[in-house]
Amino acid sequence: MDAIVFDDFTWRLDSEEVFQKVRMDPADEEAQTLHRLIETAWQMGRPKTVFRECFIEGRTDDTVVVDGVTFRSRVLRVNLEHAQQVFAYVATCGTELENWARSLDDMLEQYWADRIMELALRQALHHLNEQISQLVPHSKTSVMNPGSLHAWPISEQKPLFGLIGPGTGRIGVTLTESLLMTPAKSVSGIRFATEVRFESCQLCPRKDCPNRRVPYDRELYQTKYAKVS
Ligand code: SF4
């Protein structure tokens, strides 16, 4: 199946949410400036996403082969134990917003623009997940993102982008030499059906992470992912 690109979907930028995210009272004297930025961002922003439905062709202890592309991660391999189909994806806030944010001189406005881009990326992910849910309507799904864990390092961006193909370029997302994505407010990953919810945070000991979704489970790697010799 070819990759499917969504580069022109309806998205919303909720002023209230932006104000909450930047912790600003709407009565603040700077509020008008923020309202102006929100309006500009919404007019010009084009969050985008691409995904490709793929099929698992083989497995070893530490690898999984998806449509001819080999991924090296014990955790990914175990998480895909019962999957036959996966969805490789990239979502982004879009180059329009990133270029706009770069054009801002004021540091506070740059900070606000950053938060706005995060909300745009969230909308792209929401749109993506809605599309994938239509293809697997009765399944719970989880995701893994290359680079979010030592157990699936950032070097795996290359095979992931290779698997998705030219669609990543069509949404304007490229990899730097260090395999980070530009625009920076982009996310790549593999979504898969699973009965048991997986979150990378379960295996991540990082303290005080503001984005933590679930607690660290210090026993989980040993009980579920370590190889039995
Ligand atoms: S705890 Fe934070 S750094 Fe660790 S996987 Fe979760 S979101 Fe990422």
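Just follow the structure's listing: the first ligand is 1, and inside any ligand the first atom is 1.
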*Sub-4.0 Å protein heavy atom near atom 1 (S) of ligand 1*: yes

*asked:* Under a 4.0 angstrom heavy-atom cut-off, which atoms of ligand 1 come close to Arg206?
replied: 3 (S)

_Residues Lys227, Asp62: salt bridge by 4.0 Å N-O rule_ = yes

*asked:* Between Arg102 and Glu98, does any NZ, NE, NH1 or NH2 come within less than 4.0 Å of an OD or OE carboxylate oxygen?
replied: yes

*Indicate whether the side chain of Thr70 and that of Thr63 have a donor and an acceptor atom separated by less than 3.5 Å.*
no

*State whether a side-chain donor-acceptor pair under 3.5 Å links His127 with Gln123.*
no

*Identify the closest protein heavy atom to atom 4 (Fe) of ligand 1: which residue and atom is it, and at what distance?*
Cys204 SG, 2.4 Å

*Give a yes/no answer: is there an N/O/S atom of Cys201 under 2.8 Å from atom 4 (Fe) of ligand 1?*
no

_Pair Lys158 + Glu156: basic N to acidic O under 4.0 Å_ = no

_Where ligand 1 meets Cys209 - atom numbers and elements under 4.0 angstrom, heavy-atom basis_ = 1 (S), 2 (Fe), 3 (S), 7 (S)

*Short list, please: which atoms of ligand 1 are under 4.0 Å from a heavy atom of Asn211?*
7 (S)

